[in-house]
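Worksheet for the structure shown next.
Proteins come first, then strands; the chains are lettered A, B, ... in the order of their sequence lines, and each starts at number 1.
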There are 2 protein chains.
Amino acid sequence: MSLPHAILTALLEKPSSGLELTRRFDRSIGYFWSATHQQIYRELGKLEKAGLIRALDRDVPTRGQKKEYEVLPSGREELERWVGVREDPRDPRDPLLLRLRATGVVGVGGDMVDELRRHRALHQERLAEYREFERRDAARGNGTERDRVHRLVLQGGIDLELFWVTWLDRALADLEDTG
Amino acid sequence: MSLPHAILTALLEKPSSGLELTRRFDRSIGYFWSATHQQIYRELGKLEKAGLIRALDRDVPTRGQKKEYEVLPSGREELERWVGVREDPRDPRDPLLLRLRATGVVGVGGDMVDELRRHRALHQERLAEYREFERRDAARGNGTERDRVHRLVLQGGIDLELFWVTWLDRALADLEDTG
DNA sequence: GAAAACATGTAAAAAGTTACATGATTTT
DNA sequence: AAAATCATGTAACTTTTTACATGTTTTC
């Protein structure tokens, strides 16, 4: 049950429309949580119905017209409750390592090496992007708790991509060696 | 669509019953893919129906009685096809970083620091466990491709836990500093 | 013979993915 | 006026989670 809380957090940081939220999920929030626009619109509908958020301005919302939402006090309370909840780390699920392991029983082919290289490039790209965000952030202030938390989370994104690039390098070195 | 392929891989490595598979998913396969017994039994049923695996021995399967499965040729072919598929890295989804970010807008309390410490301990535990597996593996042979792939995947599990412990240490240092 | 451990399942709900539909606004 | 982009949504499906149900074998 994290999506509604991700949306509440994003809306508290800045009231937004569904599409704007989708874009923010592709950027900063996306370091650790992703969502499609379909998920977001559905969830916005639920949150509005539950009285946790409300649409601004629009009395007569028509299709195709921008609709901005803001968080209501009950929404903020719900988020405050949720941050105090204990939840264990989630089980990892990564198809790439599964595929690699499967090659151990059905045989490889150079295909898997290509695929690992491709993934390495993708992670490298994302890493570069995050480092660019970091560079930009360094210019801005870092006084508030919010800024520090943002920085920590971005650092998490960077470290995670670094993990991937490093592990993929090792895997490629190993497989190219004798593969 | 990875669960059926995870099961096919596990069954090729060694024919097993549903409960045995569940245990193996909690151990080695669990480095990067998890599944509950409910998921596994349902999927075994589907795979059997699709003719990719078959139950051994049992002609009259009754509830509560062990049922072992093995992979049929068509199952192996399906797995061979699947390892060649290109699939982009999956979007990360981690509620902990989401909760941390939420504290940036609703305020922290020492609660989050406690929660980060708790997660650090859990990751540290798992890391120790994986290193124990690594130690044991080192004794065994490493000649076959299968052994090498297993070792790479285990290394991935270790590196991922190391990422968490390192990042959590950094986060704790930062938050305790001024928190 | 009671309890614990082993073993297989069903059902319902929640979350996520994929495909499709449609209207409004801006640019060329 | 056509095309591109902005914007919101529906529907069907798949996957995952949670709660429950039940039978068998081993151990004390």
Distance below 4.0 Å between A:Ser17 side-chain N/O and D:dT8 OP1 or OP2: yes
So, is A:Lys66 near the phosphate of C:dT25, with a side-chain N or O under 4.0 Å from OP1 or OP2? no
So, is A:Tyr41 close to the D:dT8 phosphate, meaning a side-chain N or O under 4.0 Å from OP1 or OP2? yes
Thinking salt bridges, do B:Asp94 and A:Arg90 make one under a 4.0 Å N-O criterion? no
For the side chain of B:Arg23, counting heavy atoms from C-beta on, which of D:dT16, D:dT8, C:dA7 is nearest? C:dA7
Would you call A:Arg136 and A:Glu132 a salt bridge, taking side-chain N to carboxylate O under 4.0 Å as the test? yes
Give the rounded distance in Å between these two atoms: CG of A:Leu44 and P of D:dA7. 14 Å
Between C:dA7, D:dG9, D:dT17, which nucleotide gets closest to the side-chain atoms of A:Arg93? D:dT17
Take atom CZ of B:Arg24 and atom P of C:dA7, then tell me their distance rounded to the nearest Å. 14 Å
Residue mapping more 5' on DNA chain C - nearest nucleotide basis, A:Pro4 or A:Thr36: A:Pro4
Just the rounded figure in Å: distance from P of D:dG9 to NZ of A:Lys49. 14 Å
Check A:Ile158, A:Leu160, A:Val153 against A:Tyr31 for a side-chain contact (heavy atoms from CB on, under 4.5 Å) and give me the one that passes. A:Val153
Does the D:dT17 base have a donor-acceptor partner in the side chain of B:Arg42 within less than 3.5 Å? yes
Looking at A:Gln65, does any N or O in its side chain come under 4.0 Å of the phosphate oxygens OP1/OP2 on C:dT25? yes
Just the rounded figure in Å: distance from C1' of D:dT17 to CD of B:Glu43. 15 Å
Who passes salt bridge (Lys or Arg N to Asp or Glu O under 4.0 Å) against B:Glu129, sequence neighbours left out? none
Of C:dG9, D:dT15, C:dG16, the nucleotide closest to the side chain of B:Gln38 is C:dG9
For the pair made of CG in B:Leu98 and C1' in C:dA15, what is the distance, rounded to whole Å? 14 Å
In terms of ring plane angle, is the pair B:His119 and B:His123 parallel, tilted or perpendicular, where the classes change at 30° and 60°? tilted
May I ask you to evaluate whether A:Gln39 reaches the phosphate of C:dG16, defined as a side-chain N or O under 4.0 Å from OP1 or OP2? yes
State which of C:dT18, D:dT8, D:dT16 makes the closest approach to the side chain of A:His37. D:dT8
Any salt bridge between A:Lys14 and A:Glu20, counting N to O under 4.0 Å? no
So what does A:Ser2 hit on the nucleic acid, given a heavy-atom distance under 4.0 Å: a base, only sugar-phosphate, or nothing? nothing
Using a 4.0 Å heavy-atom cut-off, does B:Arg90 contact any base of the nucleic acid, only the sugar-phosphate backbone, or nothing at all? nothing
Look at the side chain of A:Lys67 and decide which nucleotide, out of C:dC6, D:dG9, D:dT16, has an atom nearest to it. D:dG9
Whole-Å distance separating the CG atom of B:Asp91 from the P atom of C:dA15: 18 Å
Whole-Å distance between D:dT15 P and A:Leu3 CG? 20 Å
